[in-house]
Amino acid sequence: MNILVLPGDGIGTEITDATLRVLHAVNANHELGLVFEFADIGFAALAKTGTTLPDEVLARARECDGILLGPISHLDYPARDKGGVNVSAAFRVKLDLYANVRPARTRPGLGRGHAAMDLVIMRECTEGFYPDRNMHAGSGEFMPTPDIAMSLRKITRHACERIARRAFDLARRRQKQKRVTAVHKANNFILTDGLFLEVTRTVAREYPDIELEEIIVDAMAARLVRDPGRFDVVLATNFYADILSDLASELSGSLGLAGSINAGETRCAAQAQHGSAPDIAGRDIANPTSLILSAAMLLEWLAEHRGLRAGEKAARSIHNAIDSALAEPKERTHDLGGPLGTRAFAERVVGRLA
Ligand code: NAD
């Protein structure tokens with residue numbers, strides 16, 4: 001199986017290196033047969049090729065079995081016509097990786113509140129409020145005059161239907177509370193969030209064993225802090241889910257803990273939930289857990305969709321090694337109040353894999 005590795009910007013190189021140590025170890029332990037190839041994206045690609053996302057990289061991503069995608073510093077990129085392509089958005093839209101699956105789980109001794117939490121946010125990530133993914137041509141954000149800025153949001157029946165189905169399938173597979181919480185603001189966004197709710201309710205009828213609840217997004221932010229343990233699968237459109245998932249992962253202890261994948265019907269990219277963290281880049285203090293857990297999710301996806309033998313088992317060994325390391329306060333990284341740097345933490349995880 002070919003895995004395309006794209007380290008990205010900021011802390012990308014450090015957390016990718018840490019993740020590769022773990023992947024090399026499970027590759028050997030479980031005889032997975034993973035073959036890694038590397039390419040530049042982001043500022044490294046911009047310097048060499050004039051664009052943050054060269055066409056060859058996207059073409060290669062279409063051919064590989066899986067992608068390990070580092071974070072990118074797109075806030076600092078030049079304009080699109082100067083080569084500043086939002087790599088993350090381009091992968092999601094061009095490879096149709098429409099489901100951004102974002103788990104958040106508390107562990108003993110970790111977490112910002114007292115309540116336990118084990119939820120997954122199912123985020124639609126190819127449309128919504130994001131101006132770079134809601135127009136056929138041009139941008140969904142524009143200025144009719146220098147003093148007026150406007151933005152369009154796109155919500156389609158097709159995208160709502162397939163992400164809702166993913167959410168209900170996941171709730172069924174997880175065998176936990178068997179509940180999907182649909183987050184919306186249909187009180188204001190009557191047509192767009194109204195369509196999202198209408199489609200979600202229709203899909204829900206195919207899953208009589210799964211409860212559908214509906215919560216308005218502002219109340220959801222409060223409920224997530226007050227009572228995170230009541231949520232199982234949380235289904236939301238792009239922007240709401242982006243914000244709520246950072247809240248959920250920080251509640252679990254740190255933004256650095258939360259793995260995620262972007263999955264379509266035939267392709268998958270592992271990608272940390274957080275950004276490129278330029279404020280801590282190059283100091284060996286970033287927590288690599290998010291990308292390591294994302295890689296574990298990719299192995300699970302490869303097992304299910306590409307028949308990767310022992311992929312599930314290898315993923316489970318990564319989850320267990322991470323849990324075991326995080327259980328020790330002296331084995332945690334700086335964001336969690338621990339003493340370890342990025343490399344040292346990865347080594348502890350590798351040491352616990354066997
Ligand atoms: P961020 O997620 O990079 O960082 C937010 C805060 O969390 C920072 O204080 C950072 O140090 C901390 N943090 C993040 N990841 C961490 C980790 N693994 N370990 C320890 N601490 C961690 O968000 P930001 O600062 O708002 O954005 C920085 C850049 O990242 C911007 O250019 C933004 O556009 C980009 N971004 C990229 C992605 C992506 O590639 N998918 C996602 C979000 C933001």
Side-chain angles (χ1 to χ4, degrees), residues 1-8 15-39 41 57-70 88 91-92 94-103 105 120 122-123 125 162-163 165-167 169-175 233 258-273 288-325 346 349-354:
M1 298 251 168
N2 292 320
I3 308 294
L4 181 63
V5 181
L6 307 167
I15 60 172
T16 301
D17 182 55
T19 302
L20 284 173
R21 283 166 193 251
V22 174
L23 281 176
H24 284 309
V26 292
N27 201 17
N29 292 352
H30 298 273
E31 297 177 10
L32 298 177
L34 301 178
V35 177
F36 300 97
E37 62 180 77
F38 299 81
I41 52 164
V57 175
L58 202 55
R60 196 62 201 121
R62 287 182 204 281
E63 292 161 6
C64 282
D65 295 293
I67 303 153
L68 187 66
L69 180 59
S88 179
F91 267 83
R92 287 167 175 162
K94 296 198 170 164
L95 302 184
D96 204 20
L97 307 176
Y98 62 88
N100 185 203
V101 188
R102 296 186 151 191
R105 173 165 67 82
V120 180
M122 185 63 76
R123 170 191 179 197
C125 62
R162 62 184 184 171
I163 198 71
R165 201 158 272 123
R166 283 262 179 152
D169 283 341
L170 180 63
R172 192 173 266 172
R173 267 208 317 276
R174 273 166 57 87
Q175 291 285 335
V233 176
S260 92
I261 51 169
N262 301 290
E265 302 302 340
T266 57
R267 294 190 186 90
C268 180
Q271 185 187 31
Q273 281 192 34
T289 302
S290 180
L291 194 59
I292 294 173
L293 290 178
S294 306
M297 292 173 73
L298 174 62
L299 294 180
E300 286 159 8
W301 187 91
L302 288 170
E304 186 181 346
H305 297 269
R306 299 269 163 124
L308 176 66
R309 273 190 53 241
E312 281 276 353
K313 208 169 157 201
R316 216 165 32 247
S317 79
I318 296 176
H319 285 290
N320 291 342
I322 291 274
D323 283 353
S324 157
V349 173
V350 168
R352 288 164 184 270
L353 282 170

**Fill in**
Nearest heavy-atom approach of I163 to R123 is CD1-O, 3.8 Å
**Fill in**
Tightest non-hydrogen contact, residues W301 and A263, listed as NE1-CB, 4.0 Å
**Item:** Listed once per pair and sorted, the salt bridge (charged side-chain N to carboxylate O under 4.0 Å, His left out) pairs that draw on residues 298-324, sequence neighbours left out
**Value:** D65-R306, R105-D323, R107-D323
**Asked** Between CG of N29 and CG of L353, what distance do you get to the nearest 0.5 Å?
**Response** 6.5 Å
**From CA spacing to verdict: side chain to side chain contact (heavy atoms under 4.5 Å, CB included), R102, V120** = CA-CA 5 Å; R102 296 186 151 191; V120 180; 5.8 Å; no
**Asked** So, the side chain of S260 versus the backbone of Q271: is there a donor-acceptor pair under 3.5 Å, distance only?
**Response** yes
**Message:** How close do F91 and A61 get, counting heavy atoms only, and between which atoms?
**Reply:** CE2-CB, 3.5 Å
**Request:** State the CG-CG distance between N100 and N262, to the nearest 0.5 angstrom.
**Result:** 4.5 Å
**Asked** CG/L68 to CG/L298 distance, rounded to the nearest 0.5 angstrom?
**Response** 7.5 Å
**Asked** Any side-chain heavy atom of R162 within less than 4.5 Å of one from D96?
**Response** yes
**Prompt:** Can you tell me how far CG of L6 sits from CD of E37, rounded to the nearest 0.5 angstrom?
**Reply:** 9.0 Å
**Fill in**
Tightest non-hydrogen contact, residues A99 and R166, listed as CB-NH1, 4.0 Å
**Asked** Which pair of heavy atoms, one from S317 and one from V26, lies closest together, and at what distance?
**Response** OG-CG1, 3.7 Å
**Complete:** One should read off an interatomic distance between F36 CZ and L4 CG, to the nearest 0.5 angstrom, of 11.5 Å
**Message:** Whether D17 and R21 form a salt bridge (side-chain N of Lys/Arg under 4.0 Å from carboxylate O of Asp/Glu) is what I want to check.
**Reply:** yes
**Pairwise distance CG(L97) to CD1(I261) - rounded to 0.5 angstrom** = 9.5 Å
**Request:** Give a yes or no on whether the backbone of L34 and the side-chain of N27 come within a donor-acceptor separation of less than 3.5 Å.
**Result:** yes
**Asked** Looking at side-chain heavy atoms only, is the closest gap between V35 and M1 below 4.5 Å?
**Response** no
**Asked** R267 side chain to R62 main-chain N or O, any donor-acceptor pair under 3.5 Å?
**Response** yes
**Request:** Give the minimum heavy-atom separation between R60 and N2, together with the two atoms involved.
**Result:** NH2-ND2, 4.0 Å
**Message:** For a 4.5 angstrom cut-off between non-hydrogen side-chain atoms, does V349 reach T289?
**Reply:** no
**Asked** Among I67, L302, L23, which residue meets the side-chain contact (heavy atoms from CB on, under 4.5 Å) test with I3?
**Response** L302
**Item:** Results of ring-ring contact (aromatic ring centres under 6.0 Å, His included) for H319 - residues two or more places apart only
**Value:** none
